[in-house]
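Computed from a predicted model, the values in this text were never measured in an experiment.
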Amino acid sequence: MISIKRRQRGSPVTMHTISPQVHPSSQDEDYNLKETGPQLGERWPNAGAYGGRGWMSGSERFTSTYDLVEQISYLYVRVVKAKDLPSSTLTSSCDPYVEVKLGNYKGRTKHIEKKTNPEWNQVYAFSKDRIQSSVLEVIVKDKEMVGRDDYIGRVVFDLNEVPTRVPPDSPLAPQWYRLEDRRAAGKVRGDIMLAVWMGTQADEAFSEAWHSDAATVYGEGVFNVRSKVYVSPKLWYLRVNVIEAQDVIPSDRNRLPEVSVKAQMGSQVLKTKICPTRTTTPLWNEDLVFVVAEPFEEQLTITVEDRMHPSRDEVLGKIILPLTLFEKRLDHRPVHSRWFNLEKFGFGMLEADRRNEHKFSSRIHLRICLEGGYHVLDESTLYTSDQRPTARQLWKQPVGILEVGILGAQGLLPMKMKDGRGSTDAYCVAKYGQKWVRTRTILHTFSPKWNEQYTWEVYDPCTVITLGVFDNCHLGGGEKEKVTGGTAARDSRIGKVRIRLSTLEAHRIYTHSYPLLVLHPHGVKKMGELQLAVRFTTLSLANMVYIYGQPLLPKIHYIRPFTVNQVENLRYQAMNIVAVRLSRAEPPLRKEVVEYMLDVDSHMWSMRRSKANFFRIMSLFSGIITMWQWFGQVCHWKNPITSVLVHILFLILIWYPELILPTLFLYMFLIGLWNYRFRPRHPAHMDTKLSWAEAVHPDELDEEFDTFPTSRSHDVVRMRYDRLRSVAGRIQTVVGDIATQGERFQSLLSWRDTRATSLFIMFSFCAAVVLYATPPRVVALVTGLYYLRHPKFRSKLPSVPSNFFKRLPARTDSML
């Protein structure tokens with residue numbers, strides 16, 4: 001196996017936490033976004049072609065220039081192969097491996113059994129900032145099963161003579177070196193092919209190298225913690241239209257069956273309703289929609305069942321269909337339906353004896369297709385990063401480039417204990433569109449430096465990129481990695497950052513330190529800060545403006561929409577599929593990481609979120625309420641000068657009504673210009689006040705972190721249920737009041753109250769006559785002066801129209 005081990009660790013770091021007992025107002029500064037001044041690298045024209053992160057669009061080539069990260073120098077050592085190695089005198093064979101030694105760091109290749117001409121082709125990278133020696137040693141050893149490994153030979157390099165390579169220079173060719181003995185007294189048998197050079201993270205070897213600060217060993221295993229790029233599986237909606245069946249015969253021929261159809265795709269199971277009429281030729285015409293991923297591994301199972309008892313169904317027929325049989329549809333055009341023969345195996349038959357199976361003569365009529373015109377939602381609609389349809393033929397050209405430099409983190413908290421000390425092995429994950437990236441894991445530090453840059457194509461600026469920081473708990477030496485209760489260790493969440501691209505100015509580099517905030521059962525806690533450099537580049541301003549007038553989702557979402565319940569269920573299935581597929585990669589992007597990035601629990605009930613949404617609504621109405629209060633003060637002449645000016649403006653608009661709309665738009669234009677000086681200068685970040693995370697009650701947090709179904713005691717659940725009933729009662733009252741006002745408005749002409757309706761239609765007739773004979777200008781003048789009248793002419797009693805409206809009947813009389 002290959003390993004890189006650091007011999008010495010830094011001094012222990014004490015743990016710093018934010019106590020939930022301290023009022024958050026004193027911690028406001030810690031939760032703010034901070035401007036940073038990193039020493040970003042210069043633009044390297046073709047660096048993307050070497051780093052494997054460039055991309056093509058049309059006839060032009062766009063490459064990542066690595067100018068959004070700090071340029072870090074690395075010593076690269078490529079161990080290619082060896083030849084003519086001597087065999088051991090004891091075993092008459094050779095199991096060679098190579099050890100790369102630089103100061104306190106060691107890199108070791110896997111050993112190759114019984115081969116004197118082995119090949120490794122491994123690359124090691126040592127950060128120049130951590131080099132503590134002027135000599136590099138490449139040692140070839142022979143692995144022994146018992147005892148000490150035999151020393152074969154070595155090659156020594158003086159770091160002052162190592163060449164420097166800067167992209168786009170051609171890769172440095174490896175050379176053969178003759179091995180020398182331990183004391184450099186002479187040459188020994190055997191040669192090794194090596195390449196040693198100084199480079200940067202723009203080098204093509206960076207992504208495949210084993211980094212000295214990003215790998216560790218425990219026992220016999222090595223965890224690969226290098227940076228990786230993942231691609232989400234291509235997701236399709238599978239629409240199964242169950243039309244009808246024929247010759248469905250139950251086992252008891254003296255009764256007519258109650259037939260339904262069950263469709264299963266992997267772990268997804270959907271059923272049609274029971275046919276309303278008992279018949280052997282049932283009819284449903286229902287749609288069942290599943291989420292499937294390419295490559296198609298599961299098969300569609302269709303089962304026709306007879307409801308024998310509320311707790312028991314009898315299988316009348318079954319068929320298994322591969323997904324390769326079905327047509328891929330790009331729009332809403334009809335798809336041809338097909339009849340499929342159902343089979344039913346005889347009772348008591350062995351699985352291996354299928355040649356004697358009982359053939360069933362019933363058939364089922366299905367219309368099945370793979371929907372390519374939809375965008376399969378696998379993330380929250382509030383933070384979506386991609387809105388393209390599944391079928392690549394329907395994609396449009398990108399409108400921009402998103403470049404993100406993941407610089408590092410500061411002030412991370414200890415996430416686990418190693419050797420009696422707090423430790424954190426942090427890595428960062430970024431997700432935008434179908435592309436996921438994962439930085440290398442930096443070991444044993446609370447201020448990791450990644451300095452990795454990635455590029456995405458942007459097809460819609462109104463999308464969000466999500467970045468999360470996690471602790472790698474699958475490395476050796478940690479108490480946290482022990483398996484307890486049959487549950488494996490999970491990578492811990494350190495925090496998450498979201499950036500909406502439409503809030504970024506084009507061609508500007510944003511360098512900020514984002515607070516990493518996580519809500520724990522004891523309150524909100526700052527876990528550290530994530531330092532990013534972000535640049536959004538537009539390719540065509542015309543295309544960018546055109547995008548703003550287009551629907552968010554592909555047009556088939558509006559022609560044949562899904563219900564709200566369908567969208568939520570399909571999104572949940574899509575998230576599960578993505579999490580499973582990415583967890584099968586090597587190295588895996590673990591399920592808990594994918595779920596956290598996709599907000600898998602965003603639909604769960606939370607008193608805190610409910611309060612936050614309520615106050616968000618109140619803040620929206622605050623402007624209207626403020627204007628209404630100001631208008632009330634004008635009407636009551638609290639400030640006579642303001643009231644007189646409003647009267648003058650009102651009279652001008654009445655006298656020249658053609659100025660009303662131009663004045664309104666001019667007013668909005670002037671407000672927009674005035675607000676330009678107060679525009680946000682920084683991207684948005686997690687707001688603890690907006691999230692209502694600062695003053696949340698501990699029991700509400702405990703409820704939010706409770707499992708589903710609940711795992712709390714009956715007394716706690718009863719208390720929470722009563723609290724929920726209280727809150728729901730207030731919501732019920734407000735909704736009922738709104739419904740009552742609407743029903744009163746409907747009852748004006750419904751003759752439920754004949755006297756009220758008679759009075760209203762008589763008033764309507766008189767008003768029609770008066771308004772027909774009176775100029776509109778006079779009507780507006782009288783109405784405006786009536787509402788602006790002096791308080792001396794006002795009564796404290798409600799007005800006649802208000803009294804009349806409140807006396808109208810509503811449907812509350814008919815409610816139980």
All ring pair (Phe, Tyr, Trp, His ring centres under 6.0 Å) counterparts of [X], not counting sequence neighbours:
| X | result |
| --- | --- |
| Y596 | F470 |
| Y76 | W197 |
| Y177 | F157 |

List the residues meeting side chain to side chain contact (heavy atoms under 4.5 Å, CB included) with [X], not counting sequence neighbours, and say none if there are none.
| X | result |
| --- | --- |
| A391 | L330, Q393, L394 |
| S134 | none |
| Q410 | S447, K449, Q531 |

Measure across T424 and L413 and return the closest heavy-atom pair with its distance rounded to 0.1 Å.
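Closest heavy-atom pair between T424 and L413: OG1-O, 2.7 Å.
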I need the minimum non-hydrogen distance between P461 and I547, along with the two atoms involved.
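Between these two residues, the closest heavy atoms are CD-CG2, 3.7 Å.
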Taking C-beta and beyond as the side chain, do V593 and Y427 meet within less than 4.5 Å on heavy atoms?
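Counting from C-beta outward, V593 and Y427 do come under 4.5 Å.
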Establish, from distance only, whether the side-chain atoms of Y454 and E452 form a donor-acceptor pair under 3.5 Å.
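Side-chain D/A pair, Y454 to E452: present.
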Would you sort out whether D460 and V458 count as a side-chain contact (heavy atoms from CB on, under 4.5 Å), showing the intermediate values?
CA-CA 6 Å; D460 192 329; V458 177; 5.7 Å; no
Salt bridge present between [X] and [Y] (N-O < 4.0 angstrom):
| X | Y | answer |
| --- | --- | --- |
| R535 | E403 | yes |
| K114 | D95 | no |
| K141 | D150 | no |
| R493 | E592 | no |
| R165 | E204 | yes |

Using the rule given for salt bridge (charged side-chain N to carboxylate O under 4.0 Å, His left out), can you reason through D181 versus K187, listing the C-alpha separation, both sets of side-chain angles and the distance that settles it, and then say yes or no?
CA-CA 6 Å; D181 62 13; K187 301 296 183 182; over 6 Å; no
Set of residues satisfying side chain to side chain donor-acceptor pair (under 3.5 Å) with respect to [X], sequence neighbours excluded:
| X | answer |
| --- | --- |
| S423 | none |
| D386 | R388 |
| R584 | E297 |
| T445 | none |

Sequence-distant partners of E379, salt bridge (charged side-chain N to carboxylate O under 4.0 Å, His left out), two or more places apart:
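Checked E379 against salt bridge (charged side-chain N to carboxylate O under 4.0 Å, His left out); matches are K431.
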Checking R500 now: which residues fulfil salt bridge (charged side-chain N to carboxylate O under 4.0 Å, His left out) with it, not counting sequence neighbours?
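Here no residue qualifies.
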Cationic tip of K83 within the cone over W176's six-membered ring, i.e. under 6.0 Å and within 45° of the normal?
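Yes - K83 lies over the ring of W176, closer than 6.0 Å to its centre and within 45° of its axis.
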How far apart are the C-alpha atoms of Y459 and Q387, what are their side-chain angles, what is the distance that settles it, and do they pass the side-chain contact (heavy atoms from CB on, under 4.5 Å) test?
CA-CA 8 Å; Y459 293 85; Q387 293 153 347; over 6 Å; no
